[in-house]
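Comments concern the structure below.
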Amino acid sequence: QLQLVESGGGLVQPGGSLRLSCTASGFTLHTYDYYAIGWFRQVPGKEREGISCIDKIGGPTNYADAAKGRFSISRDNFRNTVYLQMDSLKPDDTAVYYCAARPQPGCDNLWYRNFEAWGQGIQVTVSS
């Protein structure tokens, strides 16, 4: 079974930066470069929100409006890892962040129901 693990979260002050990593393992039907990878976040009382996605070869990418100009997604297929660089963080960015995979060549959109395998989530808190 495909497994995804997020790392790199934590507490950061407003205006600061974090880099999240999503590392995959346990491939069965497909190798890692078969999957598009997305980043999502969720806060209590809200539906899971798509933040960014990257296709199986590292491009094209897409971003939610809230992330444009501040977040950057990249991937290293050799290391089975996708990164989310987050700069200029705001308190509204506080959430549990998830990475997820879909067995498609591209992202199409940031709707979470299009993604099939999920990490456990990692907390990002932006606060002074």
Side-chain angles (χ1 to χ4, degrees):
Q1 182 179 17
L2 177 64
Q3 295 178 307
L4 304 175
V5 178
E6 302 94 339
S7 62
L11 175 65
V12 65
Q13 66 184 25
S17 298
L18 287 173
R19 188 178 72 165
L20 304 182
S21 298
C22 173
T23 300
S25 62
F27 310 114
T28 54
L29 297 178
H30 306 286
T31 54
Y32 179 70
D33 62 1
Y34 187 84
Y35 297 90
I37 303 294
W39 282 98
F40 300 79
R41 66 188 184 189
Q42 190 166 24
V43 299
K46 292 187 177 181
E47 188 174 75
R48 194 162 296 183
E49 175 189 14
I51 299 301
S52 185
C53 188
I54 189 166
D55 82 351
K56 67 179 184 178
I57 62 171
T61 59
N62 52 7
Y63 297 90
D65 288 342
K68 291 178 180 177
R70 299 190 299 124
F71 294 2
S72 179
I73 191 170
S74 61
R75 71 188 294 164
D76 182 347
N77 285 350
F78 181 78
R79 296 183 179 274
N80 297 337
T81 299
V82 169
Y83 304 95
L84 184 68
Q85 177 69 41
M86 305 188 294
D87 298 321
S88 302
L89 284 162
K90 306 173 182 178
D92 286 348
D93 296 318
T94 296
V96 175
Y97 283 70
Y98 301 85
C99 63
R102 64 191 301 256
Q104 305 292 333
C107 299
D108 293 334
N109 55 56
L110 293 171
W111 190 33
Y112 73 92
R113 293 181 181 178
N114 287 332
F115 292 76
E116 299 178 357
W118 292 83
Q120 80 285 357
I122 190 165
Q123 180 70 42
V124 171
T125 301
V126 184
S127 176
S128 60

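Here CD of Gln120 is found 10.0 Å from CD of Gln3. Values are rounded to the nearest 0.5 Å. To the nearest 0.5 Å, atom CG of residue Leu84 and atom SG of residue Cys99 are 10.0 Å apart. Note that CH2 of Trp39 is 10.5 Å distant from OH of Tyr83, once rounded to the nearest 0.5 Å.
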Under 3.5 Å, sequence neighbours excluded: what are the donor-acceptor pairs made by side chains of residues 10-23?
from	atom 1	to	atom 2	distance (Å)
Ser17	OG	Asp87	OD1	2.7
Thr23	OG1	Thr81	OG1	3.1

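Between Asp108 and Arg102 there is a salt bridge, since at least one side-chain N of the basic residue sits less than 4.0 Å from a carboxylate O of the acidic one.
Note on residues 27-86: pairs passing disulfide (SG to SG under 2.5 Å), not counting sequence neighbours, are Cys53-Cys107.
Looking at heavy atoms from C-beta onward, Asp55 lies out of side-chain contact with Arg75 at the 4.5 angstrom threshold. Inter-residue side-chain proximity for Phe71 and Ser52 is flagged as unmet; no heavy-atom pair is nearer than 4.5 Å. The side-chain heavy atoms of Ile37 and Phe115, taken from C-beta on, include no pair separated by under 4.5 Å. No side-chain heavy atom of Tyr34 sits less than 4.5 Å from a side-chain heavy atom of Gln104.
Partners of Pro105 under the side chain to side chain contact (heavy atoms under 4.5 Å, CB included) rule, at least two apart in sequence or in another chain, are Lys56. Lys68 meets the salt bridge (Lys or Arg N to Asp or Glu O under 4.0 Å) test with Asp65; sequence neighbours excluded. Applying the side chain to side chain contact (heavy atoms under 4.5 Å, CB included) test to Gln42 and every residue at least two apart in sequence or in another chain returns Arg48, Tyr98. In this structure Asp93 satisfies the salt bridge (Lys or Arg N to Asp or Glu O under 4.0 Å) test together with Arg41, Arg70, sequence neighbours excluded.
Scanning both residues, Ala24 and Leu4, for their nearest heavy atoms gives CB-CD2, 3.4 Å. Heavy atoms only, all atoms of each residue included: Ala101 and Leu2 are closest at CB-CD2, 3.8 Å. Nearest heavy-atom pair across Glu49 and Ala66 is OE2-CB, 4.5 Å.
Met86 and Phe40 end up in different hydrophobic clusters when Ile, Leu, Val, Met, Phe, Trp and Tyr side chains are linked at under 4.5 Å. Under the 4.5 Å side-chain heavy-atom criterion for ILVMFWY residues, no single connected hydrophobic cluster contains both Trp118 and Val82. Hydrophobic clustering keeps Tyr112 apart from Ile51 (ILVMFWY residues linked when any side-chain heavy atoms are closer than 4.5 Å, directly or through intermediates).
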Step by step, would you call Asn62 with Leu110 a side-chain contact (heavy atoms from CB on, under 4.5 Å)? CA-CA 8 Å; Asn62 52 7; Leu110 293 171; 3.8 Å; yes
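A donor-acceptor distance shorter than 3.5 angstrom exists from the side chain of Tyr63 to the backbone of Ile73, with no hydrogens or angles considered. Side-chain atoms of Glu116 do not come within 3.5 Å of backbone N or O of Pro103 as any donor-acceptor pair. Between the side chain of Thr125 and the backbone N or O of Thr94 there is no donor-acceptor pair closer than 3.5 Å.
Between the side chains of Asn109 and Asn114, a donor-acceptor pair is found at a separation under 3.5 Å.
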